[in-house]
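Fair warning: this is a prediction, and the values are worked out from it, not measured in the lab. Each ligand, and each atom within it, is numbered from 1 in the order the structure gives.
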Amino acid sequence: MDKFVIRGGRRLVGEVEISGAKNAAVAIVAATVLADAPCRIENVPDISDVRVMTHLLEELGGTVHYLDRHTIEVDPRTIDTDTVRDQSAQTIRASYYFIGALLGRYQSAVVPLPGGCNFGVRPIDQHLKAFAALGGSCSMNEGLITVKAPNGIHGANIYMDVVTVGATMNTILAAVKARGLTVIENAAREPHVVDLANFLNTLGADIRGAGTDTIRIHGVQKLRGATYAIIPDQIEAGTYMAAAAATGGDVTVKNVTPQHLESITAKLEEMGAVIEEGDDTVRVVCNRPLRRCNVRTMPHPGFPTDMQPQITTLLSFAHGTSIINDGIWDRFKYVDELRRMGAQITVNRDMAVVEGVDHLKGATVRALDLRAGAAMVIAGLAATGVTYVEDVQYIERGFERIVEKLVGLGADIYRSQAPEGVALGKLG
Ligand code: EPZ
């Protein structure tokens with residue numbers, strides 16, 4: 001029940017440093033299972049989803065040392081089981097990367113069904129299809145996924161029926177040490193897919209074509225250790241860019257890869273922001289009212305679904321009517337929260353029609369999931385009056401030190417902790 005208290009109406013001005021990419025880090029932590037020597041990983045974001053992944057690695061028998069807040073050293077040689085038992089695996093989505101990684105190491109894996117943000121149905125049929133093509137037989141029992149390949153994992157041609165980040169990454173993990181060649185067609189092209197492939201290639205894997213829709217993996221027998229730095233978080237960067245535009249601010253977002261931000265930059269420019277790209281920075285300046293635009297989410301390099309709630313929030317107080325299509329997830333539930341702040345949005349299945357209002361008004365709203373929670377923070381920063389954002393633990397799954405970073409930009413925001421008894425569920 002911890003909440004953020006935001007007094008809106010302050011322009012964000014200054015510089016903000018972006019952390020390492022959550023969705024790359026969670027896969028790379030799991031990928032260390034495949035290494036035959038210790039690995040040092042730098043630019044690891046200090047967020048709860050990553051801490052769950054490192055905890056699960058330790059539960060498998062691996063050792064994880066934090067050398068500083070953002071650098072971990074992992075020794076996977078002490079891992080001694082193919083089974084993830086810890087139930088914290090059910091609290092996040094990315095725990096399913098241990099299936100691919102353990103399958104690659106032991107030709108067998110037992111992992112609890114994953115959890116993660118609730119966007120309705122989140123199927124894993126493409127993961128299971130790929131494991132089966134590689135020689136695994138899959139079963140699901142009492143909340144556990146079991147994949148066994150008694151004759152070993154072998155290369156295969158796998159066509160993904162939908163563009164899926166998770167199944168592409170899991171197939172890479174399972175195939176890296178397989179016998180022969182694996183080809184993934186219709187693969188996801190997200191920057192975190194490329195980062196996982198680059199990490200594994202640094203260890204000696206032979207993965208080509210990551211970042212295109214065809215990935216070819218020649219299995220290798222051994223992977224060495226290495227030092228590797230995770231890419232900057234595209235969505236965290238986009239969120240601060242959106243917050244800058246929302247408050248008519250002037251913010252330089254540092255430690256980013258501007259090419260990963262192009263779809264977000266294009267939409268913010270269409271809305272009237274001025275964006276200057278440096279080598280590893282983007283500066284967002286917005287000194288005019290925001291204009292309407294239409295947005296359709298797509299796999300990379302299209303506009304990311306993980307930025308949809310933030311951009312919809314901006315459009316809720318832009319001039320004119322905007323149409324947002326998001327067919328990737330059932331992700332418009334947070335619109336009810338925005339309506340409490342005065343937004344005028346109607347939702348019909350995977351489409352939202354947003355009639356821009358003059359301004360949002362402070363209210364008590366909930367963070368329904370990680371990105372929807374970030375959208376509520378943006379709404380609060382732009383609104384008149386005070387906004388209370390509840391259930392902030394969802395936001396902290398993926399945004400490192402968000403309050404500190406926003407305060408550094410001049411926001412009036414603080415975190416209010418529920419009394420201990422409330423946090424432990426002992427009251428009422
Ligand atoms: C990843 O989820 C991200 N999570 C999500 O980010 C992100 O929204 C999503 O990719 C899309 O970019 C992690 O990386 C941990 P998908 P993932 O498989 O891998 C369908 C965030 O906020 N599909 O790319 O689970 C699926 O229903 C989170 O950081 C199948 O049909 O997503 C969806 O419509 C939330 N069958 C589409 O594909 C499958 O077997 C894309 O899903 C798998 C997916």
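In this comparison of M53, R371, R397, Q234, the heavy atom closest to atom 22 (O) of ligand 1 sits on R371. Closest to atom 43 (C) of ligand 1 by heavy atom, among A188, G373, A167, P123, is P123. Considering V163, T297, V162 only, the shortest heavy-atom separation from atom 41 (C) of ligand 1 involves V163.
With respect to atom 24 (O) of ligand 1, the closest heavy atom belonging to the protein is V165 N, 2.7 Å. The protein heavy-atom contact nearest to atom 2 (O) of ligand 1 is R122 NH2, 3.6 Å. In terms of protein heavy-atom proximity, atom 15 (C) of ligand 1 is closest to N23 OD1, 3.4 Å. When hydrogens are left out, the protein atom nearest atom 32 (O) of ligand 1 is W329 CZ2, 3.2 Å; that is the closest non-hydrogen contact.
Residue contacts with ligand 1 include Y96, since one of its heavy atoms falls under 4.0 Å from the ligand. Using a 4.0 angstrom heavy-atom cutoff, D49 does not count as in contact with ligand 1. The shell of residues lying under 4.0 angstrom from ligand 1, judged by heavy atoms, includes R331.
At a heavy-atom cutoff of 4.0 Å, ligand 1 is contacted by the side chain of L370 but not by its backbone. Residue-level proximity to ligand 1 for Q126 is carried by backbone and side chain together, each with a heavy atom below 4.0 angstrom.
The aromatic rings of H300 and H260 sit perpendicular, their planes meeting at an angle over 60°, well past the 30° parallel limit.
The pair E400-K22 does not meet the salt-bridge criterion, since no charged nitrogen lies less than 4.0 angstrom from a carboxylate oxygen.
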Output a table of donor-acceptor pairs, distance under 3.5 Å, between side-chain atoms of residues 142-150 and any protein atom two or more places apart or on a different chain; print 'none' if there are none.
residue, atom, partner, partner atom, Å
K148, NZ, S108, OG, 3.4

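Between the side chain of T202 and the backbone N or O of N198 there is at least one donor-acceptor pair closer than 3.5 Å.
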Worksheet item: Going through the distances and angles, do T297 and Q308 end up as a side-chain hydrogen bond (donor to acceptor under 3.5 Å, both in side chains)?
Response: CA-CA 7 Å; T297 64; Q308 182 269 105; over 6 Å; no
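The shortest heavy-atom contact between F199 and C39 is CZ-SG, 4.2 Å.
Counting heavy-atom neighbours within 6.0 Å of F317 CZ, excluding the residue itself, gives a total above 12.
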